[in-house]
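Just follow the structure's listing: the first ligand is 1, and inside any ligand the first atom is 1.
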Amino acid sequence: MNQATPILEVRDLSVQHTVAGGTSHEHLEAVRQLSLSVAAGEIIAVVGESGCGKSSLARAMVGLLPASSGEIYFRGAAVSGMDARARKDWRRDTQLLFQDPHSALSPRRRIVQSLAEPLEMLGVKADGEQQQRILSAIAEVNLPIDILQRYPHQLSGGQKQRIALARALLCQPRLIIADEPLSALDVSEQARLLSLFIELRKEKQIAFVLIAHDLAVVQQLADRVAVMYLGRLIELAPADSFFQSAAHPYSQALLQASQSNWHNTPANEPVLTGEPPSALTPPSGCVFHTRCAQVMDLCNRVVPEQQVLNQSETARGLHQVQCHLYSSQ
Ligand code: SF4
């Protein structure tokens, strides 16, 4: 793998869920023909409203959901063509942090036992080596040693999330996919976890895909921002460029809504109204046209192609958007 090879790349990835309805089953396309790559040490934030497909994308990236089409490449190798050993390496090197860290910790096991589990699976069975690696992981997430003898219910939400992170670190991952890891934490615990992510990226070149809804957090942390709507990637931009000049009307609406939250003031005008349409029956043309304040004649007929905005290339990549407003550029 050369320096430029992404740690993880998805190309034209689609993920379908089967939904039981009456006498038949319907297919919901949670992720549709999405392409995205993650470089070593990069932090990409994936944002969008609930149900936009962020979590399905996260799960597909670690192999917990199958791709219905498209391909996932790990360190340049197509996952679909991997033998069992290479697949095991991909699963070990790509770790998932859940919103609720409880799911990674058995309530009946002491923390030290939960931390020994991934080591057992990796074949690290000697007590001495297990102990040394567990102590080192606990130190990396800034927790005291005595926490090892406690049970999950004796820990705060933030401590549990840091234990889940320590568990992931025991696998020496190249990429951590964090699905809303901060949303159940108080502000001080959020700050601690964010600092840890930044340190781990700096010290170990670990890349992060951060599934998030809080744009203030995204602005602090991310190198690039990917915006999803109804399973589509509608904007992808270096974070500076995104926060200075988000291009897609949906991204602009998300930003305006979050800025009015930061300043605790109402938005000037409601730029984003109503709920997203059902992913089972997505609108024709541009899927955002039913809510877009700038909708044009062709928007409900023609799917917009991806456009690269003029002079958008920076060290962190291109600013790309799927919207007819930019078709003539
Ligand atoms: Fe709005 Fe049309 Fe752009 Fe879609 S393509 S975001 S409907 S202007």
Visitor: I'd like to know if the side chain of Glu29 pairs up with that of His17 as donor and acceptor (distance under 3.5 Å, no hydrogens or angles considered).
Guide: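 On atom types as modelled, these side chains do not qualify, holding no pair under 3.5 Å.
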
Visitor: In terms of relative ring orientation, are His153 and Tyr151 parallel, tilted or perpendicular, with 30° and 60° separating the classes?
Guide: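 Taking Tyr151 first and then His153, their aromatic rings lie parallel (interplane angle under 30°).
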
Visitor: Within Cys323, is some N, O or S atom less than 2.8 Å away from atom 2 (Fe) of ligand 1?
Guide: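 Under 2.8 Å: Cys323 has no N, O or S contact with atom 2 (Fe) of ligand 1.
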
Visitor: Give the residue, atom name and distance (to 0.1 Å) of the protein heavy atom nearest atom 5 (S) of ligand 1.
Guide: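 It is His324 N, 3.3 Å.
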
Visitor: Has the side chain of Asp223 got a donor or acceptor atom that lies under 3.5 Å from a matching backbone atom of Ile43?
Guide: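 Checking the backbone N and O of Ile43 against the side chain of Asp223, a donor-acceptor pair under 3.5 Å is found.
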
Visitor: Among all the protein's non-hydrogen atoms, which is closest to atom 8 (S) of ligand 1, and how far away is it?
Guide: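 Minimum-distance protein heavy atom for atom 8 (S) of ligand 1 reads Gln294 O, 3.5 Å.
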
Visitor: By number and element, which atoms of ligand 1 are closer than 4.0 Å to a non-hydrogen atom of His248?
Guide: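 Per the distance check, 6 (S).
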
Visitor: Under 2.8 Å from atom 4 (Fe) of ligand 1, is there an N/O/S atom belonging to Cys292?
Guide: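 It does not; every qualifying atom lies at 2.8 Å or beyond.
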
Visitor: In terms of side-chain heavy atoms, does Ser327 have a donor or acceptor partner in Glu305 at a distance below 3.5 Å?
Guide: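 Side-chain D/A pair, Ser327 to Glu305: absent.
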
Visitor: Can you tell me how far apart CZ (Arg167) and OG (Ser114) are? Round to the nearest 0.5 Å.
Guide: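 Spacing of CZ (Arg167) from OG (Ser114) equals 6.0 Å.
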
Visitor: When you look at Phe288 and His248, which way does the ring-ring contact (aromatic ring centres under 6.0 Å, His included) test go after all the steps?
Guide: CA-CA 10 Å; Phe288 186 58; His248 197 284; 5.7 Å; yes

Visitor: Have Tyr250 and Glu49 got a donor and an acceptor in their side chains that come within less than 3.5 Å?
Guide: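 Per modelled atom types, Tyr250 and Glu49 side chains form a pair under 3.5 Å.
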
Visitor: Looking only at heavy atoms, is any part of Gln322 under 4.0 Å from ligand 1, and if so is it the side chain, the backbone, or both, or is it neither?
Guide: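 For Gln322, there is no contact with ligand 1 at all, from either part.
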
Visitor: Should you measure from each heavy atom of Cys299, which atoms of ligand 1 turn up under 4.0 Å away?
Guide: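 Counting atoms of ligand 1 from 1, those under 4.0 Å from Cys299 are 2 (Fe), 5 (S), 7 (S), 8 (S).
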
Visitor: What are the atoms of ligand 1, with element, lying closer than 4.0 Å to any heavy atom of Cys286?
Guide: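 So the atoms of ligand 1 that pass are 4 (Fe), 5 (S), 6 (S), 7 (S).
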
Visitor: Could you list the atoms of ligand 1 found under 4.0 angstrom from a heavy atom of Pro249?
Guide: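 Going through ligand 1 atom by atom, the ones under 4.0 Å from Pro249 are 6 (S).
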
